Number of protein chains: 2
Amino acid sequence: MTEIKDINESTAKDQFILYWGDMGSQWGVNRSVAQIHALLFLSTSPMNAEQISDELGIARSNVSNSLKELVGWKLIRRVPIAGDRREHFVAEVDVWEMAMLIAQGRKEREIDPAMAAIDMCIRQADDEPNLNPVILNRMKEMQEFLQTADRWSSQMLSVPKSRLNALMKMGDKVFSLLKLTGKKSE
Amino acid sequence: MTEIKDINESTAKDQFILYWGDMGSQWGVNRSVAQIHALLFLSTSPMNAEQISDELGIARSNVSNSLKELVGWKLIRRVPIAGDRREHFVAEVDVWEMAMLIAQGRKEREIDPAMAAIDMCIRQADDEPNLNPVILNRMKEMQEFLQTADRWSSQMLSVPKSRLNALMKMGDKVFSLLKLTGKKSE
DNA sequence: CCATTATTTCTCTCAATACTGAAATAAGTG
DNA sequence: CACTTATTTCAGTATTGAGAGAAATAATGG
């Protein structure tokens, strides 16, 4: 007789938090951060750190650090509650806004450092007169790709989300247009 | 007097492998896998597992498993070499093709399981008559978003890469069109 | 400015996972 | 069908990162 509930017996909300936390690992954020985010996403009122700690059963200090990380992603923000000293937090609940915030964060964490690294490599390569030109060329292609992807994602992120939503929902039409003249695999 | 070279003294190719390996962690693949991928990406001829093991100084067994993972991503493939029993590998060197393979892999590992999870939650939620409708609604919005993103990315991945390349490179024009009538942050 | 309560920092433990090296298996070869 | 060589599996080790709890700091109120 254990106190741990089988996931099949727990409520939809609890399940959501569990799954979301689990997926967090896959997405590069740790479980605590993902669980707290899920909890706040489904919460109908602001929560303070202690409430979160109690509800999820994770250490108060862990909650503190995780909240800081989520604020860094702008996925949650602090809200003052009248007559309460403690800090309260709410999540961004618009899923499109959320997606754009995550995309933004990923771009910063993934594309930007990749660009910095490749730039350094190519600077080094320029000092190597007997470097195989094929190798240099591959590096340059990678660099160019990253630059294009970088500019593209920056622009993508500046599109108003209502438009993005509309665009993606009518994706079929956009894409069939794009594929019209495309050759098979080139 | 150590044998470990300072990164500033190593060649551009070695630097690239080191940085790529390092970024791998950020991207969710381990260092060995990322380093092997980088090595093959810059290699002008097919390599066998032993060569890779020697060049990168990682265990032969580790190379074997990492190669399998890279083949799983379709980022490398086996090529037979006449008169050599050993398996040789080459990387996909087209950066656009590479990007699409990675996107494909990520969709499968990130979006697909997320969709499966949210579907289960909502199925559970339907059995809970006194679930706060706001919560149910948030879950449903998330579900709808994931479905849209899923369809959209599937379609994106089926666009011939030459077209995608052209589209992204002229991104400016596409996006300025999109933003024309957009309201500021809604 | 002391007392109380909230928050953060720090150190330690534990768990997850990367990696190694040996053993086992598989694939060729004479 | 033995013998060599290539590859994979497995079990143990090392490294990394998550998370807990105590200690330190900061904020607020009397």
Side-chain angles (χ1 to χ4, degrees), chain A residues 3-4 17-40 46-73 76-90 109, chain B residues 4 17-40 46-73 76-90 109 113:
Chain A
E3 283 298 335
I4 310 290
I17 291 169
L18 248 38
Y19 280 125
W20 200 257
D22 202 56
M23 282 172 14
S25 350
Q26 210 73 26
W27 283 73
V29 295
N30 68 45
R31 196 182 51 208
S32 305
V33 171
Q35 283 191 352
I36 293 172
H37 181 230
L39 175 61
L40 288 173
M47 295 183 77
N48 65 47
E50 207 177 344
Q51 290 173 310
I52 295 170
S53 173
D54 291 345
E55 185 127 356
L56 298 180
I58 62 186
R60 181 65 188 72
S61 57
N62 190 6
V63 172
S64 177
N65 293 325
S66 300
L67 287 170
K68 205 189 290 175
E69 183 169 344
L70 285 168
V71 170
W73 282 84
I76 65 171
R77 63 171 195 281
R78 300 174 41 176
V79 285
I81 298 289
D84 195 331
R85 281 167 58 182
R86 292 167 298 183
E87 295 185 322
H88 287 66
F89 297 86
V90 289
R109 278 155 246 252
Chain B
I4 310 290
I17 292 169
L18 249 39
Y19 279 126
W20 201 257
D22 203 55
M23 282 172 12
S25 350
Q26 211 71 27
W27 283 72
V29 293
N30 68 44
R31 197 182 48 209
S32 306
V33 172
Q35 283 190 352
I36 292 172
H37 181 230
L39 175 61
L40 288 173
M47 295 183 76
N48 64 48
E50 207 178 345
Q51 289 174 311
I52 295 170
S53 174
D54 291 345
E55 184 127 355
L56 298 179
I58 61 187
R60 179 65 187 74
S61 58
N62 190 4
V63 171
S64 177
N65 293 325
S66 300
L67 287 171
K68 206 188 289 176
E69 183 169 346
L70 286 167
V71 170
W73 282 84
I76 65 172
R77 62 171 197 282
R78 300 173 44 175
V79 285
I81 298 289
D84 195 331
R85 284 167 55 182
R86 292 168 296 185
E87 293 185 324
H88 287 66
F89 297 86
V90 289
R109 289 166 180 75

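Note that this is a predicted model, so its numbers are computed, not measured. Numbered from 1 within each chain, the chains take letters A, B, ... in sequence-line order.
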Validation row: B:Q35, B:L18 side chains within 4.5 angstrom (heavy atoms): yes

Rounded to the nearest Å, what distance is computed from the CZ atom of residue A:R85 to the C1' atom of nucleotide C:dT4? 7 Å

How is B:G57 classified with respect to the nucleic acid when contacts are heavy atoms under 4.0 Å: base, sugar-phosphate, or nothing? sugar-phosphate

Distance check needed: D:dT16 P versus B:N30 CG, whole Å only. 13 Å

Looking at every heavy atom in both B:G21 and B:R31, which two are closest together, and how far apart are they? O-CG, 3.6 Å

Rounding to 0.5 Å, atoms CD (B:E87) and CG (B:L67) come to a distance of 8.5 Å

Separation of atom CD1 in A:I52 from atom P in C:dT7, rounded to whole Å: 10 Å

Can you tell me the distance, in whole Å, between the CD1 atom of A:I36 and the P atom of D:dA18? 13 Å

What's the CG-C1' distance between A:L56 and D:dG19, to the nearest Å? 13 Å

Flag the pair B:I58 / B:I36 as yes when at least one side-chain heavy-atom distance between them is below 4.5 Å, and no otherwise. yes

Is there a side-chain contact between B:P113 and B:R109 (heavy atoms, below 4.5 Å)? no

Closest to the 5' end of DNA chain C, once A:N48 and B:S32 are matched to their nearest nucleotides, is A:N48

Nucleotide D:dG17, atom C1' - distance to CD of A:E69 in whole Å: 12 Å

Please name the pair of heavy atoms, one in A:S53 and one in A:A59, separated by the smallest distance, quoted to 0.1 Å. OG-C, 4.0 Å

Please list each protein N or O that sits under 3.5 Å from an N or O in nucleotides 8-13 of chain C, with the distance.
from	atom 1	to	atom 2	distance (Å)
C:dT8	OP2	A:S64	OG	2.7
C:dT9	OP2	A:K68	NZ	2.8

Send over the distance from B:D54 CG to C:dG21 P, rounded to a whole Å. 13 Å

Expressed as a whole number of angstroms, how long is the span from B:R86:CZ to D:dT8:P? 14 Å

Test item: B:I52 and B:L40 side chains (from C-beta on) under 4.5 Å apart, heavy atoms: yes

Would you tell me if any nitrogen or oxygen in the side chain of B:R31 comes within less than 4.0 Å of OP1 or OP2 on C:dC19? yes

B:A59 has its side chain closest, among C:dT20, D:dA20, D:dG19, to C:dT20

